[in-house]
Amino acid sequence: MVKGKTFFIVPGFRQQSTDREYQWLRTLLKASGFSVIPVPIVWERRTMDDYCADFESTYKKYKTQENYILGFSYGAVIAFLTAQTLGPKKIFLCSLSPDFKEDVSAMSSAMQKYIGKSRVAHSRRTSAKAVAKELTVPSVVFCGEVEGKKYPQLMTRCRETVQIAARSKLVMVERAPHRIDFPAYQTAITEEIKDL
């Protein structure tokens, strides 16, 4: 096993972890002594199964002695779905998307159209409760106060995951919208990783 500590960053839908909004996070993690792996995702014409398979191969290629995963939005779904198989030391689920069987009835038709038929079909057959019940990897779930009001189902998904998953903690981020680079979000993540 390669020595060292590695942080995998899994971006939100149609984003890349090399984008500007993740710059602060990459800088912070490098300054904290981590190898940082921005996980590349090809989003177009693919489904959650493809994203998870791609991430698993990236993880296996770059993992070291001590590994952590941080996912934002759709990236948090990828981290959540793969964590039990990959076995990192801890996962950080930022604004976990309500993208599961339990959430589909609350999705607007506009949101379903944006996500696409194949991805919605995956949501319909994937239970967040079942995944949370199986999860033994410690997790920190972040939810922005503003985004939780704007997207109530996202708030429900974050809270329910923490209630069911064995070693999980909820961090409510004051005034934060659905933006990982929002100042309060940066502060909340910094606080959670400072003792790793």
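Applying the salt bridge (charged side-chain N to carboxylate O under 4.0 Å, His left out) test to pairs two or more places apart or on separate chains, those with a residue in residues 174-196 are Lys169-Glu192, Arg179-Asp181, Glu191-Lys194. Screening residues 94-107 for salt bridge (charged side-chain N to carboxylate O under 4.0 Å, His left out), with sequence neighbours left out, gives Asp103-Arg157. Evaluation of the side-chain hydrogen bond (donor to acceptor under 3.5 Å, both in side chains) test over residues 8-17, restricted to residues two or more places apart or in two chains, returns Gln15-Glu21, Gln15-Tyr22. Within the structure, the salt bridge (charged side-chain N to carboxylate O under 4.0 Å, His left out) test picks out no pair touching residues 132-144 (sequence neighbours left out). Identified under the salt bridge (charged side-chain N to carboxylate O under 4.0 Å, His left out) test for residues 137-149, with sequence neighbours left out: none. Within the structure, side-chain hydrogen bond (donor to acceptor under 3.5 Å, both in side chains) contacts touching residues 30-46 (residues at least two apart or in different chains) are Arg46-Asp54.
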Checking ring pair (Phe, Tyr, Trp, His ring centres under 6.0 Å) for the pair Phe100/His122: CA distance, chi angles, key distance, verdict?
CA-CA 8 Å; Phe100 298 90; His122 182 276; 8.2 Å; no

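Side-chain atoms of Lys117 do not come within 3.5 Å of backbone N or O of Gln112 as any donor-acceptor pair. Between the side chain of Ser123 and the backbone N or O of Arg119, at least one donor-acceptor pair lies under 3.5 Å. No side-chain donor-acceptor contact under 3.5 Å links Ser73 to the backbone of Gly12.
Counting only heavy atoms from C-beta outward, the side chains of Glu56 and Leu86 approach each other to under 4.5 Å. Considering only heavy atoms from C-beta on, Tyr59 comes within 4.5 Å of Asn67 through its side chain. Residues Val171 and Cys143 are not in side-chain contact: their nearest non-hydrogen atoms beyond the backbone lie 4.5 Å or more apart. Between Leu29 and Ile9 there is a side-chain heavy-atom pair separated by less than 4.5 Å. Put simply, the side chain of Ser168 reaches to within 4.5 Å of the side chain of Val141, judged on heavy atoms. A heavy-atom distance below 4.5 Å is not found between the side chains of Leu81 and Phe55. Inter-residue side-chain proximity for Thr190 and Thr187 is flagged as unmet; no heavy-atom pair is nearer than 4.5 Å. The closest side-chain heavy-atom distance from Val10 to Leu70 is not below 4.5 Å.
Taking the side chain to side chain donor-acceptor pair (under 3.5 Å) definition, one finds that Gln186 meets it with nothing, sequence neighbours left out. Not counting sequence neighbours, Thr58 has no partner by the side chain to side chain donor-acceptor pair (under 3.5 Å) test. Take Phe182 and apply the ring-ring contact (aromatic ring centres under 6.0 Å, His included) test, not counting sequence neighbours, and it matches no residue. Residues that satisfy the side chain to side chain donor-acceptor pair (under 3.5 Å) test with Arg20, not counting sequence neighbours, are absent from this structure. With sequence neighbours excluded, the residues that form a side chain to side chain donor-acceptor pair (under 3.5 Å) with Thr136 are Gln84.
Taking the six-membered ring where the residue is Trp, Tyr114 and Phe13 present perpendicular rings, their angle passing 60° and hence far from 30°. Ring planes of Tyr185 and Phe142: tilted class, angle from 30 to 60°.
The hydrophobic cluster around Val146 extends to none of the other residues, as no ILVMFWY side-chain heavy atom falls under 4.5 Å of it.
Tyr68 does not carry Lys90 over the face of its six-membered ring by the limits of under 6.0 Å from the centre and within 45° of the normal.
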